[in-house]
Every structure is written in C-alpha cells, then in structure tokens.
2 protein chains.
Amino acid sequence: MGASVSDIGEETMALRVVGALRDDIVTMALKPGDVISESDIAGRYGVSRQPVREAFIRLAQQGLLLIRPKRATVVKKISPEGVRQSRFIRESIEVEIIRRLAGNGGGEAGRVLGELIAEQEAASSANDSRRFHTLDELFHRTLARLTGVEYAWQLIDDHKMQLDRVRYLTLGSSSSQLAISEHKVIVAAVVAADAAAAEAAMRAHLARAEVLLSQTIAAHPDYFE
Amino acid sequence: MGASVSDIGEETMALRVVGALRDDIVTMALKPGDVISESDIAGRYGVSRQPVREAFIRLAQQGLLLIRPKRATVVKKISPEGVRQSRFIRESIEVEIIRRLAGNGGGEAGRVLGELIAEQEAASSANDSRRFHTLDELFHRTLARLTGVEYAWQLIDDHKMQLDRVRYLTLGSSSSQLAISEHKVIVAAVVAADAAAAEAAMRAHLARAEVLLSQTIAAHPDYFE
DNA sequence: TTTTCCAATCTTGTATGGTAGATGCCATGC
DNA sequence: GCATGGCATCTACCATACAAGATTGGAAAA
C-alpha cells in the first residue's frame with residue numbers, strides 16, 4: 001500500500017491517516033469501488049477506529065469516499081459529469097486569471113514563467129513525467145499567485161483531486177511536448193498584453209483534457225459511474 | 001439560540017448538530033470569535049461529545065470553525081481576503097455561465113428568468129427581505145442550471161457561506177430595487193444573445209457587493225480578521 | 001428446485017473514560 | 001511590588017465498549 005502512518009509530520013493520527021489514504025486514492029492504490037471499513041484501516045495502520053472514522057469524514061467531504069451509513073464505506077467512483085464540471089470551474093477561473101494577468105501586463109511574469117517552462121523542458125527530456133506533472137501544477141498555480149488570487153487556487157484544490165485521479169490513469173501517454181508549446185503560447189500572449197489571445201490559448205490548452213477523459217473512460221470503465 | 005437538534009429530518013445526530021450549528025453561525029447567533037467546546041455543545045444539545053466532535057470537523061472543513069488542538073474551538077472570524085477571493089471565484093464562474101447562456105440564445109431562459117424577476121418584485125414590494133434573498137439565490141442558481149452546470153454551482157456553495165455571513169450583516173440595507181433592475185438588464189442581454197453586454201451587466205451586478213463589504217467591515221470590525 | 005425466513009456477522013453510529021498538552025490562577029520566593 | 005514556578009483545570013485527542021441497522025448465508029418449508 002502507500003505510505004505508513006508512522007511517517008511523522010502531521011499533527012494528529014487522524015490527519016496522518018487522511019494523508020495516507022488520500023495518497024493511496026489519488027495514486028489508484030485504492031481503486032474506485034474498493035470497499036474499506038473503519039476496522040480494516042484501523043488495524044492496517046495500528047490505530048483505533050476513532051481517528052480513522054474522522055479521516056473518513058474528511059475524505060468524504062472532499063468527494064473521495066462515500067460513506068453509506070450502517071452499510072459500508074467505498075472509494076467513490078469517478079463521476080464523468082463531476083469531472084466535466086470541475087473542468088468548467090477550473091476553466092472559468094483560469095481564463096479570468098489569464099485575462100487579468102494579460103491586462104496588467106505583468107513585468108516579472110514573463111521571466112518567472114519562462115524559467116518554469118525551461119524546467120519543464122528539462123523534465124520532459126529526461127522523461128521524468130512525475131516531475132513534469134509537479135511543474136505543470138506549479139505553472140498554473142504561479143499564474144494564480146501573479147494575479148493575487150493564490151488563495152482562490154487553494155480553494156479549488158479539493159475539486160482538482162478528482163481530475164488528478166483521471167490524470168494518474170493517463171500517465172505515460174505523455175504529450176508533454178505539446179503541453180510545453182501551449183504554455184509558451186500562453187506566456188507570449190501575456191507578455192504581449194493580448195488578453196484575447198491569452199484566453200484563447202488557455203481554453204485550447206485545457207480543452208485537450210476533454211479527449212483524454214473520453215479515452216480514459218473507455219480504458220477503465222469500472223472506475224467510473 | 002437557533003434550531004434545536006430535536007428537530008428531526010437529518011439521518012444522524014452528528015448531521016443534526018452540523019445543521020443546527022451552521023444555521024447559528026450563518027445567522028450570527030454564534031458570532032465570529034465565540035469560543036465553543038465539545039462538552040459545551042454536547043450538553044446544550046443533549047448528545048455525547050462524539051457526534052459534536054464530528055460536527056466540528058465538518059464545519060472546520062467548511063471554513064466556519066477553527067479547531068485549535070488541545071486549546072479550543074472558535075467560530076472563525078471572517079477573512080476579508082477570503083471573501084474577496086470567494087467573490088473572484090463566483091464572478092469567474094458566473095461570467096462564464098452568462099456568456100455561454102447568451103451564446104446559446106436560450107429560448108426558455110427568458111421566460112423562466114422573467115417569472116423569477118416578477119416574484120422578486122412582489123417580495124420587494126412586500127418588504128420581505130428574507131424571501132427576496134431566497135429568490136435572488138434561486139435566480140443565480142437557475143442561470144447555472146440553464147447552462148447545464150448546476151452541479152458546479154453546488155460545488156461552490158460551501159465557499160458561498162462566507163459571503164452569506166457578510167450578507168446577513170447587511171440585511172435591511174435593502175437595495176433590492178437596484179438588484180431587480182440589474183437582473184432585468186442581464187436577462188435582456190441574454191435573450192438578445194449579446195454575450196459582451198451580458199458579461200458587463202453581470203460584472204456590474206456583482207461589483208456592487210464590494211462596497212457592501214467595506215461598509216460591513218467598518219460597522220463590525222470585531223467580526224473580521 | 002425455489003422461496004422464505006432467521007440468525008450470525010458484518011457495517012457505521014454513539015457513549016464514556018482516560019491521556020496529554022495548553023492555559024491561567026495563585027502562592028511562593030525575591 | 002514583581003517575577004516565577006507549580007498546580008488545578010480547562011481543551012481536544014484517542015481508545016474502548018456498546019448499540020442498532022444492513023447484509024449474507026444457510027436452513028427449513030413449500
């Protein structure tokens with residue numbers, strides 16, 4: 001399974017269990033539809049049912065678990081409609097971000113984003129898809145930070161976990177080169193203060209995920225509702 | 001205080017406590033900064049500490065409570081920056097919704113929205129601000145439904161509670177007539193399929209909340225960080 | 001063979017006791 | 001009078017026991 005709860009770093013047992021379970025779910029070590037129980041996880045991690053139960057509540061609120069009272073708790077299957085609408089939310093916010101950023105004509109934006117793209121190219125050349133993913137996430141969060149809405153990005157992070165599960169299933173089908181070139185177009189539009197072009201580039205960049213979703217559903221129908 | 005947990009309707013005790021506390025917090029019966037404890041609430045509602053504890057966890061994840069381990073649990077003060085960014089998220093999504101709706105040139109949209117506005121005028125004439133608030137919320141949610149992203153609206157509902165607390169503080173300073181006329185402009189732009197005009201009208205409509213926030217902070221400084 | 005029903009055994013929900021950490025008051029020493 | 005240390009008393013956290021609904025299996029009856 002994933003990381004052990006003996007890996008310290010969190011404050012309470014409950015939070016450690018939350019972290020361990022979330023990793024297992026996002027990385028598909030726990031698959032959608034898998035049935036777990038408080039006693040099961042408690043025994044596996046050497047704690048009592050109490051902190052496990054609280055972890056379940058947290059994860060259920062984040063949409064990763066489904067608690068069926070008096071019945072069982074299952075890893076929630078991925079809702080295609082939920083993914084679609086999570087993408088809608090993300091696109092709405094990111095488009096707004098990119099327009100404001102292009103409007104402000106950020107001076108340091110071009111430099112910072114350029115450095116990130118360079119790192120992504122290095123990761124892509126090294127076929128380090130894990131690191132590429134991290135850098136891609138950092139790229140988008142940096143856009144939020146430059147616009148002064150980093151907290152807003154954190155707010156949608158929960159819903160992004162649904163997208164991450166899909167993303168994990170598609171690892172290796174790396175179109176990282178394509179993503180990098182798309183990033184370059186976005187940054188170019190921002191430094192040129194061309195809001196319309198930046199918006200169009202961002203929409204095209206995000207739209208590519210749509211076909212990935214269809215392919216993933218076809219490849220793993222059991223993981224979806 | 002607010003509603004009693006003896007008001008049935010929820011499945012478990014914990015969920016009943018969640019509902020009761022959330023109502024008390026949003027309606028300012030429990031004020032930002034108020035200190036509560038598991039034993040306190042448990043005794044007040046006649047349940048054990050366990051379901052109260054689980055209710056605290058849920059409300060903490062929704063940003064209404066702040067659990068300080070081994071210290072205390074307090075009603076979270078309203079973060080002006082959080083409110084600002086919650087509004088950013090809402091504006092991003094609502095603008096995207098209104099643009100798509102105008103683009104589709106919804107046939108039934110005009111009729112449905114027109115009926116809602118008529119009801120709002122009735123509520124406004126009767127000085128029923130409570131009902132007006134409900135109808136206003138329904139107006140915006142209907143926009144989401146007509147665009148096919150009602151689920152997305154539900155996703156941002158949690159963060160909207162922060163805005164609702166501010167809104168509750170401003171009840172009575174009713175500019176409902178202004179809101180109604182703004183709604184009319186939005187609907188007119190939608191039926192005319194004028195996306196740009198619809199977007200501008202929506203931004204203007206939401207921008208009005210900004211000044212309300214400043215006034216509210218000045219009137220109740222203790223409730224904000 | 002098919003259907004029905006009951007009981008063993010799962011599950012989550014709730015109650016309670018004990019533990020460790022944080023706080024604040026108060027006495028003690030200066 | 002003032003600073004300091006210890007103790008009473010809070011808090012949330014965790015473990016354990018019990019309760020009650022849901023499921024499943026098999027036995028018994030049709």
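Quick note on labels: first sequence line is chain A, next is B, and so on, each numbered from 1. Any value given below was found using the heavy atoms of this structure, including those in side chains, with hydrogens, waters and symmetry copies removed. As the structure is a computational prediction, the values presented were derived from the model and not from experiment.
Picking from C:dT14, C:dA15, D:dC13 the nucleotide with the shortest atom distance to the side chain of B:Val47 gives C:dA15. You'll find that the side chain of B:Ser39 is closest to D:dT11, out of D:dT11, C:dT11, C:dT16. Of the candidates D:dA12, C:dG13, D:dC14, the closest approach to any side-chain atom of A:Ala14 belongs to D:dC14. Of all nucleotides listed (C:dT12, C:dT14, D:dA12), C:dT12 comes nearest to the side chain of A:Pro69. For B:Arg71, taking side-chain heavy atoms from C-beta onward, the closest of the listed nucleotides C:dT11, C:dT14, C:dA22 is C:dA22. The side chain of A:Ser37 sits closest to C:dT12 out of C:dT12, C:dT14, D:dT11. Here the nucleotide nearest the side chain of B:Pro51, chosen from D:dC13, D:dT16, C:dA15, is C:dA15. For A:Lys70, taking side-chain heavy atoms from C-beta onward, the closest of the listed nucleotides D:dG21, C:dA22, C:dT16 is D:dG21.
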Verdict with reasoning, B:Glu91 to A:Arg100, per salt bridge (Lys or Arg N to Asp or Glu O under 4.0 Å): CA-CA 13 Å; B:Glu91 179 172 330; A:Arg100 297 198 181 188; 3.7 Å; yes

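Atom CG of B:Asp34 sits about 12.5 Å away from atom OG1 of B:Thr73, to the nearest 0.5 Å. In this structure, CG in B:Leu21 is found 13.5 Å from CZ in B:Arg16, a value given to the nearest 0.5 Å. Rounding to the nearest 0.5 angstrom, the gap separating the CD atom in A:Gln120 from the CG atom in A:Leu113 is 10.0 Å. Remark: B:Leu116 CG to B:Leu138 CG distance equals 5.0 Å, nearest 0.5 Å.
Between the P atom of D:dC10 and the CD1 atom of B:Ile67 lies a distance of 21 Å, rounded to the nearest Å. In this structure, the CD atom of B:Glu11 is 16 Å from the P atom of D:dA20, given to the nearest Å. What separates CD of B:Glu38 from C1' of C:dG17 is a distance of 14 Å, to the nearest Å. In this entry the distance linking CZ of A:Arg68 with C1' of C:dT12 reads 12 Å, nearest Å. Rounded to a whole Å, the CD atom of A:Gln50 is 14 Å from the P atom of D:dA12.
A donor-acceptor contact under 3.5 Å is formed by the side chain of B:Arg49 with the base of C:dG17. Taking only distance into account, the side chain of B:Arg16 never meets the base of C:dG13 through a donor-acceptor pair shorter than 3.5 Å.
Within residues 52-64 of chain A, no residue approaches DNA chain D, by heavy-atom distance under 4.0 Å.
The pair B:Arg145-B:Glu108 fails the salt-bridge criterion, with no side-chain N (NZ, NE, NH1 or NH2) lying under 4.0 Å from an Asp/Glu carboxylate O.
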For residues 54-70 of chain B, which side-chain donor-acceptor pairs fall under 3.5 Å, sequence neighbours excluded?
from, atom 1, to, atom 2, distance (Å)
B:Glu54, OE1, A:Arg53, NH2, 3.3
B:Glu54, OE2, A:Arg53, NE, 2.4
B:Glu54, OE2, A:Arg53, NH2, 3.4
B:Glu54, OE2, B:Gln50, NE2, 3.2

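Axis deviation across the helix from C:dT1-D:dA30 to C:dC30-D:dG1 amounts to 10°, comparing end segments of five pairs, rounded to 10 degrees.
For B:Thr73, no side-chain nitrogen or oxygen approaches OP1 or OP2 of D:dT11 to under 4.0 Å.
Between B:Thr142 and B:Glu115 the shortest side-chain heavy-atom distance does not fall below 4.5 Å.
Panel note: side chain B:Gln85, backbone A:Ala152; a donor-acceptor pair is recorded below 3.5 Å.
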